[in-house]
There are 2 protein chains.
Amino acid sequence: MQPVQNGLLPAEVDDLHQISMRLNWASRRHFAHELDTFGLTVPQFIVLHTLYRQSRGCSMSELAEASLQVSATMTGIVDRLVERGLVQRQRDQADRRSVHIVLDQAGVLLMEQIENKQKERIAYLLEQLSHEERQHMIRLMSLYLEVTLAETGAEDNISNIPISVD
Amino acid sequence: MQPVQNGLLPAEVDDLHQISMRLNWASRRHFAHELDTFGLTVPQFIVLHTLYRQSRGCSMSELAEASLQVSATMTGIVDRLVERGLVQRQRDQADRRSVHIVLDQAGVLLMEQIENKQKERIAYLLEQLSHEERQHMIRLMSLYLEVTLAETGAEDNISNIPISVD
DNA sequence: TATTGTTATACTCTATAACTATA
DNA sequence: TATAGTTATAGAGTATAACAATA
């Protein structure tokens, strides 16, 4: 219980360390099981989500960067999404090396279903809090996300893809 | 911007939905890369962490439950930890069906290193907040964890293993 | 019969390295 | 020569089903 800096207590560090590790793992498992009921894996969902928010589509390299993946991994994930008819590969006419990925109609419908279900769960959580606490939660989790992304070396990520093509 | 219930705004739901998804994915990737520098995978670390906090060891089924995994998966993970000399398998004399897993000396040393490094990162994050905000963060993330665990159907988890053997 | 744990199997993710096609 | 993407390869996690040993 010795103060360290800025009044920071070792017990606070221990608590948040423990909680963040447990939350990371429990969320991962929960997320995977929830998506499994829709026949999706987590990485597949991340790709669909990226495309869902970028309705004009993405190149493979943009998808890879947004998903924090190398391009070879992205090839396999997109292969399976194409097989399921959720996305389409389109050759770029301007630069024929590039491949443009777009959501298919079935992909859009699936994402609407999934995101609605996810938001119900978030709403349930937030209903237990006051308006002030909700704002606090959003701010603190954003901070946590920023610190995490900064260490991962990603300037940006899935919700805010660095698109240079325009 | 229509209030829904308890003054909850759709925009708040959207924000937290977006943030929690991004945080889930970014943490997963960050966590995996950090552990890779120690030659570990995330599931391997979860098992080591469970044993680290339960110094008397665990049975395979306890490990599986604490890690939110089925036992067949646990067998493979423990196999690799044994090969690396981080844990040991011991036959239980009382019930010879049961296998007791304990951390090896090398496993203890490795966990000390890793957890210290992780706590440095948490401390860096917390130093940016006031004491009140830190307490808020701990409380709100605990709440989030609880809701997640409740939906996963786990009464308990990695830090608080349901040990009946005693 | 029931329980504990392992084996067999099949699929997905992941990274690295080598490769093709295009610029 | 450099870039975009794919293929080949190897290893790890995951779940289901079948199985062996023990209770």
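In the text below, chain A, chain B and the rest are named by the order of the sequence lines, each starting its count at 1. None of these values were measured; they are calculated from a predicted model.
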- Query: What's the CE-P distance between A:Met60 and D:dT3, to the nearest Å?
  - Reply: 18 Å
- B:Gln44 CD - D:dA12 C1' separation (whole Å): 8 Å
- Which part of the nucleic acid does A:His100 contact within heavy-atom distance under 4.0 Å: base, sugar-phosphate only, or nothing? nothing
- Could you check whether A:Ala64 gets within reach of a base, just the sugar-phosphate, or nothing at all, counting any heavy atom under 4.0 Å? nothing
- Query: A:His136 vs B:His136 aromatic rings, parallel, tilted or perpendicular, using cut-offs 30° and 60°?
  - Reply: parallel
- Does a side chain donor of either B:Gln54 or B:Glu62 reach within less than 3.5 Å of an acceptor in the other side chain? no
- Taking CZ from B:Arg91 and P from D:dA21, how many angstroms apart are they, rounded to a whole number? 11 Å
- Select base, sugar-phosphate, or nothing to describe what A:Arg29 touches, counting heavy atoms under 4.0 Å on all strands. sugar-phosphate
- Task: To the nearest Å, give me how far apart CG (A:Leu40) and C1' (C:dC11) are.
- Result: 15 Å
- Message: Using a distance-only criterion (donor-acceptor N/O pair, under 3.5 Å, no hydrogens), is the base of C:dT3 paired with the side chain of B:Arg97?
- Response: yes
- Can you tell me the distance, in whole Å, between the CD1 atom of B:Ile77 and the C1' atom of C:dG5? 14 Å
- Task: Take atom CG of B:Asp92 and atom P of C:dG5, then tell me their distance rounded to the nearest Å.
- Result: 9 Å
- Message: Determine whether the aromatic ring centres of residues B:Phe45 and B:Phe31 are separated by less than 6.0 angstrom.
- Response: yes
- So do B:His49 and B:Arg53 actually touch side chain to side chain, heavy atoms under 4.5 Å? yes
- Base, sugar-phosphate, or nothing: which does B:Asp95 touch, judged by heavy atoms less than 4.0 Å apart? sugar-phosphate
- Message: Less than 4.0 angstrom between a side-chain N/O of A:Arg89 and OP1 or OP2 of D:dT6, yes or no?
- Response: yes
- Task: Describe the nucleic acid contact of A:Ser71 in one word from base, sugar-phosphate, nothing, applying a heavy-atom distance below 4.0 Å.
- Result: base
- Message: Once you apply a heavy-atom cut-off of 4.0 Å, does B:Ala72 come out as touching a base, just sugar-phosphate, or nothing?
- Response: base
- Task: Check whether any side-chain N or O of A:Thr73 sits under 4.0 Å from OP1 or OP2 of C:dT14, and answer yes or no.
- Result: no
- Message: I want to check one thing: is the phosphate of C:dT14, taken as OP1 and OP2, less than 4.0 Å away from some side-chain N or O of A:Gln69?
- Response: yes
- Message: For a quick check of understanding: with a heavy-atom distance under 4.0 Å over all strands, which category does A:Thr75 fall into, base, sugar-phosphate or nothing?
- Response: base
- Look at A:His33 and D:dT14 and indicate whether a side-chain polar atom (N or O) is within less than 4.0 Å of OP1 or OP2. no
- Query: Over how many whole Å does the gap from B:Leu35 atom CG to D:dG11 atom P extend?
  - Reply: 21 Å
- Closest to the A:Arg28 side chain, choosing from D:dA17, D:dT14, D:dT7: D:dT14
- Query: Looking only at side-chain N and O atoms, does B:Ser98 come under 4.0 Å of OP1 or OP2 in C:dG5?
  - Reply: yes
- Message: Within the 4.0 Å heavy-atom criterion, would you say A:Val99 contacts the bases, only the backbone, or no part of the nucleic acid?
- Response: sugar-phosphate
- Give a yes or no on whether B:Tyr124 atom OH has more than 12 heavy-atom contacts from other residues, nucleotides or ligands under 6.0 Å away. no
- Rounded to the nearest Å, what distance is computed from the CG atom of residue A:Asp79 to the P atom of nucleotide D:dG5? 13 Å
- Message: Which is more 5' along DNA chain C, the nucleotide nearest A:Gln93 or the one nearest B:Met74? Just name the residue.
- Response: B:Met74
- For residues B:Val108 and B:Asp104, determine if any side-chain heavy atom of one lies less than 4.5 Å from a side-chain heavy atom of the other. no
- Choose from C:dT12, D:dA4, C:dA17 the nucleotide whose nearest atom is closest to any side-chain atom of A:Ser61. D:dA4
